[in-house]
Trainee: 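Have a look at the structure that comes next, please.
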Amino acid sequence: DSMEPAYEKGNILLVNPRAPVNPGDDVVFMREDKSGTRYVLIKRLVRRNESSWTVKQYNPPKTFSLPRKEWRKAHLVIGKYNRAS
């Protein structure tokens, strides 16, 4: 829900895991904890540095940081299929 209306529940995202991500890109961030549980977020990349990704979401509007030490994978969103009505 955090990225509505750009992305809605049920959308299928197309990502390029090899393309670089840049500020202004929509990005799928992934991490895995010690138990093997995977977490996935889609956010708009605002900026990055060596220690964090600064991202924003639409619903509710919010800008925050994700530590790169935890969120190591960042895949560029190159398209989407909308959910069926």
Trainee: Atom OH of Tyr39 and atom CE of Met30: how far apart are they, to the nearest 0.5 Å?
Mentor: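 Result: 14.0 Å between the selected atoms.
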Trainee: Tabulate below the donor-acceptor pairs under 3.5 Å that side-chain atoms of residues 60-70 make, not counting sequence neighbours, or state none.
Mentor:
residue: Arg68; atom: NH1; partner: Asn49; partner atom: O; Å: 2.8

Trainee: Nearest 0.5 Å, what's the CD-NZ distance between Gln57 and Lys43?
Mentor: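 Going from CD on Gln57 over to NZ on Lys43, the span is 4.0 Å.
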Trainee: Nearest heavy-atom pair of Lys56 and Met3: which atoms, and what distance?
Mentor: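 Here Lys56 and Met3 meet closest at O-SD, 3.9 Å.
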Trainee: Quick one: list whatever passes ring pair (Phe, Tyr, Trp, His ring centres under 6.0 Å) with Trp53, sequence neighbours left out.
Mentor: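 With neighbours one apart ignored, the set is Phe29.
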Trainee: Provide the closest heavy-atom pair for Val55 versus Val46 in the form atom of the first, atom of the second, distance.
Mentor: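 It is C-CG2, 3.9 Å.
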Trainee: In this structure, are over 12 heavy atoms from other groups packed under 6.0 Å from Asp33 atom CG?
Mentor: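 Counting other residues, nucleotides and ligands, CG of Asp33 exceeds 12 neighbours.
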Trainee: Compile the donor-acceptor pairs under 3.5 Å between side chains in residues 4-25 and protein atoms, sequence neighbours left out, one pair per line.
Mentor:
residue: Tyr7; atom: OH; partner: Asp26; partner atom: OD2; Å: 2.7
residue: Glu8; atom: OE1; partner: Arg83; partner atom: NE; Å: 3.1
residue: Glu8; atom: OE1; partner: Arg83; partner atom: NH2; Å: 3.4
residue: Asn11; atom: OD1; partner: Glu8; partner atom: N; Å: 2.6
residue: Asn16; atom: OD1; partner: Arg18; partner atom: N; Å: 2.9
residue: Asn16; atom: OD1; partner: Ala19; partner atom: N; Å: 3.2
residue: Asp25; atom: OD2; partner: Asn22; partner atom: N; Å: 2.7

Trainee: With clusters defined by side-chain heavy atoms of hydrophobic residues (ILVMFWY) lying less than 4.5 Å apart, directly or transitively, does Val40 cluster with Leu76?
Mentor: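 Not linked; separate clusters.
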Trainee: In terms of hydrophobic clusters joined by side-chain contacts under 4.5 Å, are Val27 and Leu41 together?
Mentor: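 The answer is yes; both residues are in one hydrophobic cluster.
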